Amino acid sequence: MGAEKGLGLKEKSSRKSAGIVIPIDGPAGSGKSTAAKRIAERLDFDYLESGALYRAVGYRVLRKNQEGDFENRAVDSARDLRFECRKEGSVWRNILDGEDVTDALRDEEISDMASRVSAIPGVRAALLDFQRNFGRKRGAVIDGRDIGTVVFPEARLKFFLDADIEVRIQRRFAELKARGVSFDTDRLREDLKRRDERDRHRSSAPLRKAEDAVEIKTNNMGVDQVLEVMLEKLRLVYGEVIEDA
Ligand code: DC
């Protein structure tokens, strides 16, 4: 005894889960971020939305770092990133350089810029360390495109969420509507398809399912259903670490 005396439940569970990383990859609109946040909450793990890291780099390039050629600006912007996903009440906020940029990062021009900077190997290399350091501290859920293939290929359990393109487009429309953002449906459809193509076919860490990832097609599934499938797999692999979830 002794060693655990005085530790709260959270501290105990974070000790047991230290080093466990749960990668959740998939294209935009597959439902990966929603599922990832819910899993992190259920397990009391840290959460990192790696797409927001690339958006943060895009934000710095567009708004802060305008000297020099595009590639250098992008790589420079990816260095020394001060970024975190922080839960405030029931909402996850993205904090960049001490500033709450949650809404700004969702702008369409930032989405496009994020996809462009994410194709640059120097940007990916700079963000790799950030992501690996993040995952080392305590239990972590990280969502993205290459978390299971490149960032944490050794993870014992990884997920790949997917859905048909039309379903994903409709989800994006619904999300923007809910936020009260006006948009041109045709343009949005084209933008999403273009980004999808770029993410899947770039030479550096393209979006693809890791061979050992559990694939979940979310077309006709609600978030709770997706969550149940994931938790079942997690219980099988990590047993007592997540026994209370
Ligand atoms: O998930 P998202 O739409 O917020 O991601 C924004 C862009 O970042 C997207 O075009 C793909 C890219 N990305 C990436 O290349 N690797 C990741 N691990 C996460 C996102």
Side-chain angles (χ1 to χ4, degrees), residues 21-37 47-62 71 74-75 77-78 81 83-85 92-94 96 101-135 140-153 155 158-163 165 167-169 171-176 179 181 183 188-210 213 218:
V21 176
I22 305 169
I24 306 180
D25 289 309
S30 57
K32 64 180 185 307
S33 294
T34 309
K37 285 172 193 153
Y47 168 61
L48 178 66
E49 181 186 0
S50 67
L53 283 179
Y54 291 90
R55 289 172 183 271
V57 174
Y59 179 87
R60 276 183 166 181
V61 169
L62 267 182
E71 198 164 319
V75 175
S77 299
L81 214 57
F83 180 85
E84 63 173 311
C85 298
W92 286 86
R93 315 295 305 178
N94 297 144
L96 173 65
V101 291
T102 317
D103 294 330
L105 293 192
R106 298 289 132 196
D107 285 352
E108 277 303 292
E109 67 175 339
I110 298 289
S111 301
D112 192 56
M113 189 53 81
S115 172
R116 284 179 61 197
V117 300
S118 72
I120 300 171
V123 168
R124 303 203 72 85
L127 296 186
L128 197 58
D129 283 347
F130 184 101
Q131 295 170 89
R132 288 192 174 147
N133 287 334
F134 182 90
V141 181
I142 308 186
D143 71 52
R145 302 293 192 288
D146 64 338
I147 310 302
T149 50
V150 175
V151 186
F152 288 101
K158 47 188 85 156
F159 294 96
F160 189 86
L161 269 52
D162 206 354
I165 179 109
V167 173
R168 296 191 284 112
I169 287 169
R171 286 179 184 159
R172 183 79 183 129
F173 289 168
E175 179 199 326
L176 290 174
R179 281 177 43 208
V181 176
F183 57 90
L188 208 65
R189 174 175 272 111
E190 286 318 306
D191 284 353
L192 196 114
K193 284 184 176 168
R194 191 182 59 243
R195 288 207 298 274
D196 231 45
E197 280 297 296
R198 200 189 281 145
D199 295 345
R200 285 177 201 271
H201 299 295
R202 66 182 176 221
S203 53
S204 185
L207 168 67
R208 68 175 178 83
K209 175 181 129 26
T218 65

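Just so you know, ligand 1 is whichever comes first in the structure, and atom 1 is the first atom listed for that ligand. Keep in mind it's a predicted model, so treat the numbers as computed, not measured.
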Distance filter under 4.0 Å to K32 heavy atoms, resulting ligand 1 atoms: 1 (O)

Identity of the nearest option to atom 2 (P) of ligand 1, non-hydrogen atoms only, from R145, R124, E49: R145

N/O donor-acceptor pair under 3.5 Å between R202 side chain and S204 backbone: yes

Contact check: D199 vs ligand 1, nitrogen or oxygen atoms, below 3.5 angstrom: yes

Contact (N/O only, under 3.5 Å) between D143 and ligand 1: no

Proximity of R116 to ligand 1 by residue part, where a heavy atom lies under 4.0 Å: neither

Backbone of A36 reached by a side-chain donor or acceptor of K32 within 3.5 Å: no

Nearest-neighbour protein heavy atom for atom 7 (C) of ligand 1, which is reported as residue plus atom name and distance: A114 CB, 3.8 Å

Identity and distance of the protein heavy atom lying nearest atom 20 (C) of ligand 1: G51 CA, 3.5 Å

Geometric class of the W92/Y47 ring pair [parallel <30°, tilted 30-60°, perpendicular >60°]: perpendicular

Min N/O separation D146 to ligand 1 under 3.5 Å: yes

Per-atom contacts of ligand 1 with G144, taking only distances under 4.0 Å to non-hydrogen atoms: 18 (N), 19 (C)

Option passing side chain to side chain contact (heavy atoms under 4.5 Å, CB included) with Y59 (candidates D107, N94, L105): L105

Ligand-residue contact atoms, ligand 1 with S115, heavy atoms, under 4.0 Å: 10 (O)

4.5 Å side-chain heavy-atom contact, V117 and V75: no

Test item: R93 side-chain N/O and C85 main-chain N/O as donor-acceptor pair under 3.5 Å: no

Main-chain N/O of A163 paired to T218 side chain as donor or acceptor, under 3.5 Å: no

For ligand 1, the portion of R202 having any non-hydrogen atom under 4.0 Å away: side chain

E175 with R172: basic N within carboxylate O range, under 4.0 Å: yes

Closest protein heavy atom (residue, atom, distance) for atom 8 (O) of ligand 1: Y54 CB, 3.5 Å

Pair K193 + D196, salt bridge at N-O below 4.0 Å: no

Donor-acceptor pair between R106 and S111 side chains, under 3.5 angstrom: no

Identity and separation of the nearest protein heavy atom to atom 19 (C) of ligand 1: S50 OG, 3.4 Å

Atom 3 (O) of ligand 1 [closest protein heavy-atom partner, distance rounded to 0.1 Å]: R55 NH2, 3.1 Å

For S118, the ligand 1 atoms whose distance to one of its heavy atoms is below 4.0 Å: 12 (C), 15 (O)

